[in-house]
Asker: 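Got a structure here, written out as structure tokens. Questions coming.
Nothing here was measured: the structure is a model prediction, and the numbers come from that model. Each chain gets a letter, A, B and so on, in the order its sequence line appears, and its residues count up from 1.
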There are 2 protein chains.
Amino acid sequence: MSRLDRSLISGLPLFQGLTADNLDRVVGKARSQRVPKGQAIFEQDAEAHAFFLLLDGHVRVVKSTPEGQDVIVRYISPGELIGIARALGRTTYPASAVAAVDCIVLAWPSALWSEFAATFPAFGAHTYKTVGSRLQDAHTLVVEMSTEQVDQRVAHALLKLIAQSGKKTDDGVLIDFPISRQDIAEMTGTTLHTVSRLMTAWEEKGLVRSGRQKVAVTDPRRLRQIAEAHAGKE
Amino acid sequence: MSRLDRSLISGLPLFQGLTADNLDRVVGKARSQRVPKGQAIFEQDAEAHAFFLLLDGHVRVVKSTPEGQDVIVRYISPGELIGIARALGRTTYPASAVAAVDCIVLAWPSALWSEFAATFPAFGAHTYKTVGSRLQDAHTLVVEMSTEQVDQRVAHALLKLIAQSGKKTDDGVLIDFPISRQDIAEMTGTTLHTVSRLMTAWEEKGLVRSGRQKVAVTDPRRLRQIAEAHAGKE
DNA sequence: CGTCCATTTGATCAGGGTCAAGACGAGTGG
DNA sequence: CCACTCGTCTTGACCCTGATCAAATGGACG
């Protein structure tokens, strides 16, 4: 394994304001890890021995019910922390984190979190801000799940995905990692069948272009119309 | 208005470890406020000028959609903080807080939050733990909304309510504040009609006793069976 | 070339939303 | 003290969205 370098993390807002020396100390305590596509970084209900920083790739956070149904709570992009359960007073992970593509993560023992937070104010502040916005997101999702029809929820999900991980191509804005109908269904509380029907309908109208584990949005404007109100249906 | 006394807050875990002197300082900066039933403590999207501690009463946190539908995100019990948006990097309140009964709250200007957190470590730590568990709750709710049938969601909602604000009576465990069918519908993403039908069905089976803005659970065990699995339906 | 998985598409049907009407109390004003 | 009104709750009838069941198609990859 190659030696870890502070340049890996020096650009991140999370570590803003740290000296080169401090960055070295932080990186020095991390273990880097390659996680192949489909593998879990950590599992729901397991002991939260570490927290992670996603350096490269995309991760989905999944909660599973006792009955075996999965719900995708959110996707994680490079530069974000995951597995900070411990920082919030939990001893186990409340969800699983699965690599959507091959990923690179840095891992620190959970115990270090409070040390980092105490030593580097920006680190603590940024984390709490992150948690705060995740709480907002979760509440927004609850509202969507409570009040919207399936087509609106799927439209919203796609818009969030391209906002977070969109990549411009000739086909429009492409979601930058493999995502199946099943995945979208698990984000929106519906079935892969319904998602499939929606996608083909939207494809015919020219709103999206999609294929096997691939979705691109060609007309975000009209997709947003579907997401926003049900008045705009035709 | 009577003089504020440190005894109001001395028992709370939030202020654990503060000296009598410190408690006086904290209370001294607060303004106490009586909020009549039905009135808002703060409104969604308004400037977050203050954060609040609920001393007495019950508050529901409501998010409203642009289309005018309301979703009840959670209920707040005495001793809990509300309106801590500012602490999480927001400048406006993400939801409204409405008094479910006549309430007493303490209010501090938002700017004081960071001062308190810096000066009294227990205060900051407790808040973040609170935010963490609210994030958990929100995710749990998302999972429930995604995977459960209406009867399960309503059963879960009632169980949470009696766990949080249950009061033992001859009729079973009573929810300690007025709550309508409409309220329960807004917690569970359904309509008051469906809630009404469920309640009468459960009343006939002897699971609950309910009336106008009043719900008591007489058989939590069987209610939990409904909430848990759909295998147990008959 | 064969196997596996993602996807598509059709047919069916039920959970629960919508529409409509009424009953039941609780508070208000005469 | 009673009549009235308003808000909550109940209940029936109907129908639509989207789940379920079933099967076929089509790439991707070994």
Asker: So with a 6.0 Å cut-off around CD of A/Q136, is the heavy-atom count from everything else above 12?
Answerer: yes
Asker: Figure out the CD/P separation between A/Q213 and D/dG26, and round it to whole Å.
Answerer: 19 Å
Asker: Please classify the nucleic acid contact of A/R181 as base, sugar-phosphate, or nothing, using heavy-atom distances under 4.0 Å.
Answerer: sugar-phosphate
Asker: Can you say whether the rings of B/Y93 and B/F42 are parallel (under 30°), tilted (30 to 60°) or perpendicular (over 60°)?
Answerer: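 Aromatic pair B/Y93/B/F42 classed parallel.
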Asker: Between C/dC24 atom C1' and B/R212 atom CZ, what is the distance in whole Å?
Answerer: 8 Å
Asker: Going by number, which of residues 193-201 of chain B have a non-hydrogen atom under 4.0 Å from DNA chain C?
Answerer: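 Residues of residues 193-201 of chain B that come under 4.0 Å of DNA chain C are, in numerical order, B/H193, B/T194, B/R197.
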Asker: Taking only N and O in the side chain of B/S180, is any of them less than 4.0 Å away from OP1 or OP2 of D/dG7?
Answerer: no
Asker: Quick check: closest heavy atoms across B/L55 and B/L8, and the distance to 0.1 Å?
Answerer: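 Reported closest heavy-atom pair: CD2-O, 3.9 Å.
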Asker: Taking CD from A/Q149 and P from C/dG16, how many angstroms apart are they, rounded to a whole number?
Answerer: 14 Å
Asker: Would you kindly give the CG-to-C1' distance between A/L192 and D/dT25, to the nearest whole Å?
Answerer: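 In whole Å, D/dT25 C1' and A/L192 CG are 15 Å from each other.
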Asker: Rounded to whole Å, how long is the line connecting atom CE of A/M145 with atom P of C/dG16?
Answerer: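 Taking CE of A/M145 and P of C/dG16, I get 14 Å after rounding.
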Asker: For the NZ atom on B/K167, are there more than 12 heavy atoms of other groups (residues, nucleotides or ligands in this structure) within a distance under 6.0 Å?
Answerer: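 Atom NZ in B/K167 is not crowded, with 12 or fewer foreign heavy atoms closer than 6.0 Å.
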Asker: Could you walk me through whether B/T188 and B/V150 pass the side chain to side chain contact (heavy atoms under 4.5 Å, CB included) test, one step at a time?
Answerer: CA-CA 7 Å; B/T188 53; B/V150 167; 5.8 Å; no
Asker: Separation of B/E203 atom CD from D/dT11 atom C1', in whole Å?
Answerer: 15 Å
Asker: Below 4.5 Å, heavy atoms only, C-beta onward: do A/L207 and A/I226 meet side chain to side chain?
Answerer: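 Yes; the side chains approach each other to less than 4.5 Å.
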Asker: Once you round it to whole Å, what is the distance between P of D/dT8 and NZ of B/K214?
Answerer: 17 Å
Asker: Between atom CD in B/E204 and atom P in D/dT11, what is the gap in whole Å?
Answerer: 8 Å
